[in-house]
Amino acid sequence: MQSILDAISLGGTYALAALGLGLVFGVLRLVNFAHAELITISAYIMVVTNDLPLIFSFLLAALTATILAIITELTVYRRLRGTGPAIMLIASFGLSVGLQKSYELIFGALPRSAAVAPWMTGSVQIANLNVTISSLVTVAMTIVILIAMGYLVDYTTLGLQLRAASADFKTARLLGVRSNRLITSSFAISGVLAAFVGFIIVVENPQVEPMFGLNITILALVGIVIGGISTLRGCALGGFIVGFILSLLNTFLGNARVYAYSYLFLAVVIILLVRPGGILSKRNEMERV
Amino acid sequence: MSNNKLVGLTRFKPIELLVPLIVVFVLSITIGLLSASLELAVQFALCNLVMVLALQVFIGNSGVLSFGHGAFAMIGAWVSGMSTASERVKGNALALENLWQPLVGWNFNLYVSIIFAMIAGGLIAAISGAFLMRLNGLAAGIATFAVLGLFYNFFFNNTKLGPGSQALPAVPKFSGVYEPLLLSIIAIILVYCLNVSSIGRKLRATREDLMAAPALGISIQKVRWIAFTLSGALAGLSGGMYVHVAGTWQVQDYYLVFTFLTLAMLVIGGSASMWGAVVGTLVVTAVGQVLLLWEQGKSLLGLKIDLPNGARSLIIAASLVGMLLWRSSGLTNGQEFKLRVRNKL
């Protein structure tokens with residue numbers, strides 16, 4: 001039971017990270033490696049401002065991540081628009097390494113730690129089963145955020161524009177979608193999502209170092225490719241699948257759990273071979289140029 | 001392309017091959033003779049050069065991003081290191097106590113082991129490429145990343161076939177810059193010949209237009225697979241060289257930092273040409289060395305700037321992003337070397 005709940009909560013966390021990446025990818029065709037650093041900075045902020053009430057500390061983290069996301073868009077990605085996905089990918093890779101090194105200079109190479117929300121590490125008994133509070137909170141939080149994102153995407157003007165832009169950016173612009181504003185907002189939302197992810201991880205693992213957010217971002221990237229990068233639903237689903245499988249592999253592989261990533265990556269390659277566009281994609285969908 | 005000229009060469013021009021060769025040769029020899037630490041730096045730079053050339057063959061010509069080459073270098077280095085480390089070391093090192101017995105007795109000459117490294121890199125690339133070359137764009141990038149992650153995770157945890165997360169010690173080293181230099185020169189010639197060959201031109205055709213190339217009778221999957229295999233062999237060679245320069249094999253050496261650094265070199269130089277790979281490696285290495293001196297608090301030609309630790313990688317990362325913003329086709333603009341004849345109007 002605990003392992004299922006763990007798997008669901010890890011899956012949920014990955015889904016949030018994948019959603020943040022997918023949002024930006026949808027409008028910009030950009031795989032934002034630097035998303036990892038948004039997660040890292042929010043975790044750092046939460047650790048540094050741990051003396052403040054949790055809600056303030058979180059808001060500060062979310063604000064910083066959002067501002068950083070917008071800055072990267074304004075200074076780098078906006079100027080690179082139109083150069084092609086490969087160049088943007090490499091740029092985001094460079095940006096990611098650059099930010100990591102800046103964190104190293106600012107916060108030091110050694111991990112910074114603080115007990116963020118210590119009440120979450122305890123456990124409660126539900127129907128004779130011990131469950132950790134953090135996994136309950138994570139699951140609840142993820143469900144709320146996913147519903148909120150679903151509402152945002154399906155029922156608001158911004159969501160409509162997002163969907164239109166990720167289906168066909170050019171036509172969306174012709175129909176009056178303000179591209180710069182839309183892209184900036186999607187970066188901002190991805191910053192907020194990154195802050196949530198940073199919060200969830202920092203509770204479980206309070207040792208924040210410059211490469212803190214890298215692992216989950218790489219796996220979330222894998223998730224969005226598996227799920228299907230063309231839709232936000234696919235991204236979230238893919239992220240969830242990756243987290244869920246990884247958590248289950250960790251539980252059931254026993255001593256071989258160190259190879260969990262190998263199995264996962266193998267699964268990725270196989271899924272991509274069968275469905276290059278992801279699980280939720282329609283067959284024979286050509287990549288848009 | 002922005003200047004409406006197709007980037008990349010089409011015909012063999014001796015000067016395009018000779019100048020890079022001479023530049024690499026002269027710089028390696030003169031700088032390598034200055035001091036022992038510079039000699040080592042030149043050796044590492046030559047390893048990186050071969051890796052960047054490997055990336056250029058595939059990424060530059062096909063336009064498909066690959067993060068998987070680190071894995072091929074890792075394999076090449078593993079084969080070359082494991083087959084040359086002495087039996088005594090492999091039998092007694094603490095990190096290798098679980099090593100599979102037949103590997104302990106595995107012992108070859110250094111040069112033979114480098115050929116094995118190339119074969120191993122090429123073989124793994126051929127096998128993975130046979131599956132992966134159907135993919136385009138992002139899916140290809142992520143799938144090759146998965147290959148890198150898979151091999152990294154495997155070697156990092158496996159103590160039967162290697163030292164796991166620890167280091168394989170006492171791998172014999174090259175005696176000087178000459179051996180890696182010779183290997184790099186061979187790599188430059190190979191890459192240039194491949195780029196001007198029909199395979200190279202077909203591959204660039206697929207890069208420019210995924211629709212038109214098949215209409216000309218080019219099998220995208222086939223030309224990509226051939227280039228991927230050959231560039232995998234070159235990456236294996238680079239790994240095989242690296243292990244004999246470092247004198248040790250450690251799986252972490254071929255993971256993200258290595259991938260990032262070599263990709264940065266390729267992009268900064270200009271990924272569309274062999275000359276770009278050479279220039280990128282030279283420039284990034286030179287800048288890195290200067291920054292390293294400053295990081296260590298030494299002065300260069302009387303100029304001394306105190307840099308905190310870690311500033312070097314930050315500056316390299318920033319210059320990568322800056323280069324993309326300023327000139328996304330790199331310093332060489334994706335052109336091979338040419339003597340400038342300015343037509344003044």
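Chain letters run A, B, ... following the sequence lines, proteins first, then strands; residues in each count from 1. The basis for the numbers below is simple: all heavy atoms, side chains too, and nothing from hydrogens, waters or symmetry mates.
For a residue to count as touching a neighbouring chain, one of its non-hydrogen atoms must lie under 4.5 Å from one of that chain's; by this rule L65(B) touches chain A with the side chain only. Contact of L263(B) with chain A is made through the side chain alone, with heavy-atom distances under 4.5 Å. For chain B, the nearby part of F33(A) is the side chain; its heavy atoms alone come within less than 4.5 Å. Contact of A264(B) with chain A is not made at all, since no heavy-atom distance falls under 4.5 Å. Contacts of Y152(B) with chain A are absent, with no heavy-atom separation under 4.5 Å from either backbone or side chain. Heavy atoms of Y263(A) lying under 4.5 Å from chain B are absent altogether. With a 4.5 Å cut-off on non-hydrogen atoms, V258(A) touches chain B through its backbone and its side chain both. Neither the backbone nor the side chain of L264(A) comes within contact range of chain B, judged by heavy atoms closer than 4.5 Å. Neither the backbone nor the side chain of S96(A) comes within contact range of chain B; no heavy atoms are under 4.5 Å apart.
Ranked by heavy-atom pairs shorter than 4.5 Å toward chain B, the options L105(A), V31(A), L221(A) are led by L105(A). The most heavy-atom pairs under 4.5 Å with chain B, out of L99(A), L214(A), V76(A), come from V76(A). Per-residue heavy-atom pair counts under 4.5 Å with chain B were compared for L266(A), T75(A), I90(A), V268(A), and the maximum is reached by I90(A). Options A146(B), S271(B), G63(B), A317(B) differ in how many heavy-atom pairs under 4.5 Å they form with chain A, and the most are formed by A146(B).
Looking at Y254(B), F151(B), F228(B) one by one, the single match for ring-ring contact (aromatic ring centres under 6.0 Å, His included) with H69(B) turns out to be F228(B).
Between the side chain of R204(B) and the backbone N or O of N195(B), at least one donor-acceptor pair lies under 3.5 Å. In this structure, S92(A) contributes its side chain and L89(A) its backbone to a donor-acceptor pair below 3.5 Å.
In this structure, F156(B) and Q252(B) have side chains that are in contact, with non-hydrogen atoms separated by less than 4.5 Å.
Separation of the H35(A) and F187(A) ring centroids does not fall under the 6.0 Å cut-off. Aromatic ring centres of F155(B) and Y255(B): separated by at least 6.0 Å.
Within a 6.0 Å sphere centred on CZ of F107(A), heavy atoms belonging to other residues, nucleotides or ligands number more than 12. Atom CZ of R79(A) has 12 or fewer neighbouring heavy atoms from other residues, nucleotides or ligands inside a 6.0 Å radius.
Looking at E37(A) and K101(A), no side-chain N of the basic residue comes within less than 4.0 Å of a carboxylate O on the acidic one, giving no salt bridge.
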